[in-house]
Amino acid sequence: MSEPQADFEPKIVAFLCKWCSSAGSDLAGVSRIQYPANATPITIPCTGAVSPMYILSAFNKGADGVLVSGCHIGDCHYIEGNYLARRKMHLTMELLKFIGLEPNRFRMSWVSAAEGAKFAQVVTEFVDDVRKLGPQDKLRKVVSQ
Amino acid sequence: MINIQDIRDTARDMLAKGEARMVIGYRRGTRGMLAEPAFITDPAQADDLVWDPTCFNNLSLYLVHDKKFLAHMRENPKGPVAVVAKGCDARSIVVLLQEHYFKREDVYILGVSCEGAGVVDERKLAPLLNGERPSAAAFDGDDFVFTTAAGEKRLAAREVMADRCLECRAPYPKEHNLVFGEDKTGRQLEAPFAALERFEAQDAGQRWDAWSQHFDRCMRCFACRSVCPMCYCDECVVDSITFPVTAGTTAEEKATRIKWIERSATRSENITYLMTRAMHLAGRCTDCGECERACPVNVPIRMLNNKMEREAREKFGFEPGASIGGPSLVATFLDSDPGQFIR
Ligand code: SF4
Ligand code: SF4
Ligand code: FES
């Protein structure tokens, strides 16, 4: 495992459902809530559209942590997208843990469009947790400088 | 105990009466004791069929090949293909049927029960034969009998049986048109997922130490994908190479074509490949073990499949290859699915 570094700023890739968590992140912004700027948001139409390959690919391309966030159970605009995502993400997470990736590098949350404060809290906690783990170098592609 | 003559007679009859246009089974190969897949269309060749502990190929793969070949040739011949299928192979056929890959009437399942045994693992056998190369293998009760130049060698089947057979929960083809041998479901040679659990008992660091080496070893020959009946997609997500770049390919086409994975056999790319493979087989892999057997560098691929299989079973109550009509693992959900990991 890599040593925690004082000046380490984790890179987080955040897959945010456009109907809820993405709007929630907007609300956090317009409400001027302070939270770390480490997350790169990628808007997705629904958590159900997140392929496990997105997550593997994010780690492959250098993410230190990956967040998937969508509508609360029962609130998915496609009715069952987040139920399907819950299953797929559980499997993906278990597989990543199985080969020895730190469980705290992957996170999933339900954040509605009204939960700006919750979004800020989820990101803050996640960044803290990933910072403790240091850079993710297990799945990262090695590229020559 | 299965009498091979019964299988031969059935095959000959079916071909002679036109009840099957081909019988896919096993025959004696040219490499020592190993059986090999046989594609029989002439009733006179039905006597070539064999059934022994080296019949490890999952022949449902060739149903997929047949379907692809016919589509390519634009042919639509009448009559089903009869196929010899062990328990795991028959479950693969069920998955293919569940996914509407072909119709039930297109395949005639000649089920064979593994009874008290299973197939041999050559890697376990080799050290026990003192360098002798066996020319034949046979079932005999709880033993396997190998014929070598030095005479017959009798070994307890469970000593040289493939791990997946030791752990097999259902060594019997539940879905079949005809079945040979007795149903010995419930025989407990080893607890299901035993190897997986031994591995999982280690901490994350140890697991990574082991897997990082496996990932380093993989050379991306794609044998594991080629041998799997469930890897039937015409275009695989890991093959960006199948995107033909011609003089007419625009820069935009090149730029927007997502390249999920590089062709280079480096650790990071191998991880992406093998993990994606395991995900795509979750709820579909029936643990026939062919991928692991085909791997030239001993990547314990089954363990990834088994991990998904056990999660599916324990968390979602899902059993791959159990029913033709049911939904697939990731196209369905239950209210009781675990969600405690979500904040
Ligand atoms: S895991 Fe083994 S069989 Fe599969 S691509 Fe890698 S080397 Fe080939
Ligand atoms: S993944 Fe391997 S064990 Fe599973 S069905 Fe495919 S070849 Fe068989
Ligand atoms: S629409 Fe937000 S999770 Fe489905």
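The chains referred to below are lettered A, B, ... by the order of the sequence lines, with proteins before strands, and numbering in each begins at 1. Treat the numbers as computed from the prediction; the structure is a model and nothing was measured. When reading the values below, keep in mind they use all heavy atoms of this one structure, side chains included, and skip hydrogens, waters and symmetry mates.
Between chain A and the options B:Leu196, B:Leu334, B:Asp203, heavy-atom pairs under 4.5 Å are most frequent for B:Leu334. For the options B:Glu269, B:His280, B:Lys315, heavy-atom pairs under 4.5 Å to chain A are most numerous at B:Glu269. Per-residue counts of heavy-atom pairs under 4.5 Å with chain B were compared for A:Lys88, A:Glu80, A:Glu125, A:Lys118; the largest is that of A:Glu80. With chain A as the partner, the residue from B:Pro338, B:Ala312, B:Ala282 showing the most heavy-atom pairs under 4.5 Å is B:Pro338.
Looking only at side-chain heavy atoms (C-beta outward), B:Phe316 and A:His90 come within less than 4.5 Å of each other. Here the side chains of B:Val330 and A:Leu84 are not in contact, with every heavy-atom distance at 4.5 Å or above. With contacts defined as side-chain heavy-atom distances shorter than 4.5 Å, the pair B:Met275/A:Leu139 does not qualify. Inter-residue side-chain proximity for B:Ile261 and A:Asn60 is flagged as unmet; no heavy-atom pair is nearer than 4.5 Å. The shortest distance between side-chain heavy atoms of A:Arg107 and B:Phe341 does not fall below 4.5 Å.
Heavy-atom distances place no part of B:Ser264 under 4.5 Å from chain A, backbone and side chain included. Residue A:Gln121: no heavy atom, backbone or side chain, is found under 4.5 Å from chain B. Heavy-atom distances place both the backbone and the side chain of A:Leu96 under 4.5 Å from chain B. Residue contact with chain A, scored on non-hydrogen atoms closer than 4.5 Å, involves the side chain of B:Trp211 exclusively. Looking at B:Ser212, neither its backbone nor its side chain comes within 4.5 Å of chain A, counting heavy atoms on both sides. Neither the backbone nor the side chain of A:Ser51 comes within contact range of chain B; no heavy atom of the residue lies under 4.5 Å from a heavy atom of that chain. Interface remark: B:Ala331 contributes backbone atoms only to the contact with chain A (heavy atom separation under 4.5 Å).
For the pair A:Arg140 (side chain) and B:Ser268 (backbone), a donor-acceptor distance under 3.5 Å is absent. Checking side-chain atoms of A:Arg86 against main-chain N and O of B:Phe333 turns up no donor-acceptor pair under 3.5 Å. B:Arg207 contributes no side-chain N or O that, together with a main-chain N or O of A:Ile99, makes up a donor-acceptor pair within less than 3.5 Å.
Counting heavy atoms of neighbouring residues, nucleotides and ligands inside a 6.0 Å radius, atom NZ of B:Lys67 exceeds 12 of them.
Scanning all heavy atoms of the two residues, the minimum distance from B:Met279 to A:Thr92 falls at CE-OG1, 3.7 Å.
Here CH2 of A:Trp110 is found 4.0 Å from CD1 of B:Ile342. Values are rounded to the nearest 0.5 Å. If you take CD on A:Glu94 and CD on B:Glu314, they are separated by 10.0 Å, rounding to the nearest 0.5 Å. Rounding to the nearest 0.5 Å gives a distance of 6.5 Å between OG1 of B:Thr272 and NZ of A:Lys141. Distance check, rounded to the nearest 0.5 Å: CD of B:Glu311 to CE of A:Met93 gives 8.0 Å. Taken from CD1 in B:Ile271 to CG in A:Leu56, the straight-line distance is 9.0 Å, to the nearest 0.5 Å.
Under the side chain to side chain contact (heavy atoms under 4.5 Å, CB included) criterion, B:Ser323 pairs with no residue at all, not counting sequence neighbours.
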From CA spacing to verdict: side-chain contact (heavy atoms from CB on, under 4.5 Å), A:Lys138, B:Arg267: CA-CA 9 Å; A:Lys138 291 192 169 84; B:Arg267 182 193 285 180; over 6 Å; no

Audit row: B:Leu304, A:Leu95, side-chain contact (heavy atoms from CB on, under 4.5 Å) steps and yes/no: CA-CA 7 Å; B:Leu304 298 176; A:Leu95 200 59; 4.2 Å; yes

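Under the 6.0 Å cut-off for aromatic ring centres, B:Trp260 and A:Tyr54 qualify, their centroids lying closer than that.
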